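Keep in mind that this is a model prediction, so the values were computed, not measured. When a residue number appears, it is its place in the shown sequence, counting from 1.
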Amino acid sequence: MKDLKHLLYFENLLLDANNELITKAKKDGNICVAYTCENVPEPLLNLGGCFSVRLRAPRSGSMEMSTYYMTSLLCEYSRALLERALEGGFNFADCVITPDGCTMMNRCIENMDLLNTMNQGKDKFFYEYMEIPMKADDNGLNLYVLQCKNHILEPLAKNYGVDISDTALRQAVAEHNRMCELIRAIGEFRKEENPRITGYEFHILTLATYVCPAYLIIDKLEATLKELQTRKPDKENNWRARVVLVGSEVDDMDYVKLIEECGAYVCADRFCLGSYPGREPIEMNDDEDALTQICRHYMNYGQCPRYMNTDKIKERKRYVKKLAEEYNADGIIYEQIKFCDPWAYEKMMGGVSMEGYGYPVLTVDRPYAISSGAGQMRTRVQAFVESIEIKKIQRGDK
């Protein structure tokens with residue numbers, strides 16, 4: 001297929017945490033609100049005069065300093081972020097908000113705070129730590145609303161004079177929904193028998209929405225959707241299997257690319273920084289305050305393993321099964337970054353459940369930067385694709 005017009009532009013933006021659009025947004029006088037987890041409601045970080053950036057550490061190498069402070073037994077994502085902060089790679093941030101999605105991320109941000117990695121010379125800079133409910137119920141929602149009010153809205157208003165009114169929140173949701181609707185519309189093309197967009201291309205577009213100011217890329221997303229509506233796929237493709245990729249943080253551009261080079265088309269993305277469930281539009285009504293509705297959406301639609309009530313645990317399995325059916329997947333890959341505690345358990349239980357539903361499953365733990373384990377990962381994915389093909393032959397599929 002002919003390359004998408006803006007693909008190279010998006011790829012270049014993702015090469016560095018401090019991309020050119022962050023620089024432009026800062027020059028425009030906007031406040032950069034950095035965050036580290038999908039449990040922080042994005043619309044609250046994108047109120048008037050603010051823009052959100054999900055922290056990541058592309059092209060990570062040595063993690064000697066962060067390992068000194070955090071030990072080698074904590075996940076590489078948290079250590080990579082601390083290493084990049086120590087190098088000065090996140091100095092563009094005006095504040096950092098993190099939830100207790102996991103203990104490792106808390107240790108990472110605490111070390112950034114104690115070591116003064118980002119706040120030097122910034123009088124208004126602040127770190128905030130949120131407590132996130134572990135059960136999706138009324139008590140959990142009340143906690144969530146209070147935490148968002150105390151650790152997001154009020155600090156932004158106090159330090160930077162941000163408008164946190166109900167009207168401002170609804171406007172932020174409307175802008176958030178527009179971006180989500182574009183990503184979901186683009187992702188719909190992955191359902192085609194011969195898709196006109198690769199999983200890698202879709203991952204690039206989706207990832208950019210998390211790490212770039214949304215108002216500066218919305219026009220290019222609209223242009224890409226329009227381009228895809230008339231894009232012709234190759235008459236034949238090299239996909240030998242369709243897979244759903246499920247798991248923890250995936251912000252390495254080369255990970256999905258590696259999987260597809262092995263012949264497995266990534267037809268759906270259920271991972272942190274993916275479109276499911278992170279790009280689900282937020283439904284709003286006029287009868288209830290905006291903050292409560294936003295928090296309820298993130299609590300009810302969230303698929304994070306942090307939620308430990310039985311209903312949510314079962315729901316996560318059904319959610320993956322539904323995606324596999326909707327996108328006509330042949331198999332499922334469950335992945336986790338090494339030493340990620342929440343996803344270690346989820347990967348094991350999810351893999352067993354999906355096999356019970358009749359889907360071939362590959363479960364892998366991987367380094368944060370896939371370049372350090374590309375050979376082993378390539379071998380495992382290739383073997384998985386071959387096993388899917390054998391099962392198809394045994395069933396008599398064409």
What closest approach, in Å, do [X] and [Y] show between heavy atoms, and which atom pair accounts for it?
X	Y	result
Cys102	Pro342	CB-CG, 4.1 Å
Ser52	Tyr35	CB-CE2, 3.9 Å
Phe384	Val361	CE1-C, 3.5 Å
Gly187	Tyr327	O-CE2, 3.9 Å
Ile152	Pro155	O-CD, 3.4 Å
Phe90	Leu55	CD2-CD2, 3.8 Å

Just by distance, no angles: are the side chains of [X] and [Y] close enough, under 3.5 Å, to form a donor-acceptor pair?
X	Y	answer
Thr206	Ser275	no
Asn39	Tyr144	no
Tyr210	Asp251	no
Glu175	Gln171	yes
Tyr200	Glu11	yes

Whether Phe271 and His203 hold their rings parallel, tilted or perpendicular, with breakpoints at 30° and 60°: perpendicular
Parallel, tilted or perpendicular, as decided by the 30° and 60° cut-offs, for the rings of Tyr319 and Tyr276: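 Aromatic pair Tyr276/Tyr319 classed perpendicular.
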Arg366 vs Ile337, side chain to side chain contact (heavy atoms under 4.5 Å, CB included): CA-CA, chis, key distance, verdict: CA-CA 5 Å; Arg366 63 177 182 85; Ile337 296 175; 3.7 Å; yes
Enclosure of Lys322 NZ (heavy-atom neighbours >12, cutoff 6.0 Å):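 Atom NZ in Lys322 is not crowded, with 12 or fewer foreign heavy atoms closer than 6.0 Å.
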More than 12 heavy atoms from other groups under 6.0 Å of OH on Tyr9: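 Yes.
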Out of curiosity, does [Y] fall in the hydrophobic cluster containing [X] (side-chain heavy atoms, cut-off under 4.5 Å, transitive links)?
X	Y	value
Leu14	Leu273	yes
Leu225	Tyr215	yes
Val33	Ile217	yes
Tyr368	Val256	no

Criterion salt bridge (charged side-chain N to carboxylate O under 4.0 Å, His left out) on Arg178 and Glu222, from CA distance to verdict: CA-CA 10 Å; Arg178 177 55 184 152; Glu222 291 173 339; 3.3 Å; yes
Determine yes or no for a side-chain-to-main-chain donor-acceptor pair under 3.5 angstrom, with [X] supplying the side chain and [Y] the backbone.
X	Y	result
Arg316	Cys304	yes
Arg84	Gly89	no
Glu42	His176	no
Glu83	Ser66	yes
Asn177	Ile282	yes

Any ion pair linking [Y] and [X] (charged N to carboxylate O, less than 4.0 Å)?
X	Y	result
Arg380	Glu335	no
Lys391	Asp330	no
Glu249	Arg56	no
Glu110	Arg107	yes
Lys321	Glu325	yes

Phe51 vs Lys26, side chain to side chain contact (heavy atoms under 4.5 Å, CB included): CA-CA, chis, key distance, verdict: CA-CA 9 Å; Phe51 67 95; Lys26 294 273 289 183; 4.2 Å; yes
Salt bridge (charged side-chain N to carboxylate O under 4.0 Å, His left out) assessment of Asp100 paired with Arg306: CA-CA 9 Å; Asp100 58 350; Arg306 174 175 175 77; 3.4 Å; yes
Flag side-chain contact, heavy atom, 4.5 Å: Val246 against Tyr334: yes
Student check: side-chain heavy atoms of Leu291 and Ile164 closer than 4.5 Å: no
Derivation and outcome, side chain to side chain contact (heavy atoms under 4.5 Å, CB included), residues Leu45 and Cys50: CA-CA 7 Å; Leu45 314 182; Cys50 300; over 6 Å; no
Salt bridge (charged side-chain N to carboxylate O under 4.0 Å, His left out) between Asp16 and Arg59, worked out: CA-CA 8 Å; Asp16 293 295; Arg59 298 187 288 183; 2.7 Å; yes
Steps toward side chain to side chain contact (heavy atoms under 4.5 Å, CB included) verdict (His297, Glu283): CA-CA 8 Å; His297 171 90; Glu283 295 184 7; over 6 Å; no
Residue of the set Ile333, Ile259, Thr198 for which side-chain contact (heavy atoms from CB on, under 4.5 Å) holds with Val266: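 Of the listed options, the one satisfying the test is Ile259.
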Intermediate values then yes/no, salt bridge (charged side-chain N to carboxylate O under 4.0 Å, His left out), Glu346 and Lys317: CA-CA 9 Å; Glu346 185 71 14; Lys317 313 303 183 296; 3.5 Å; yes
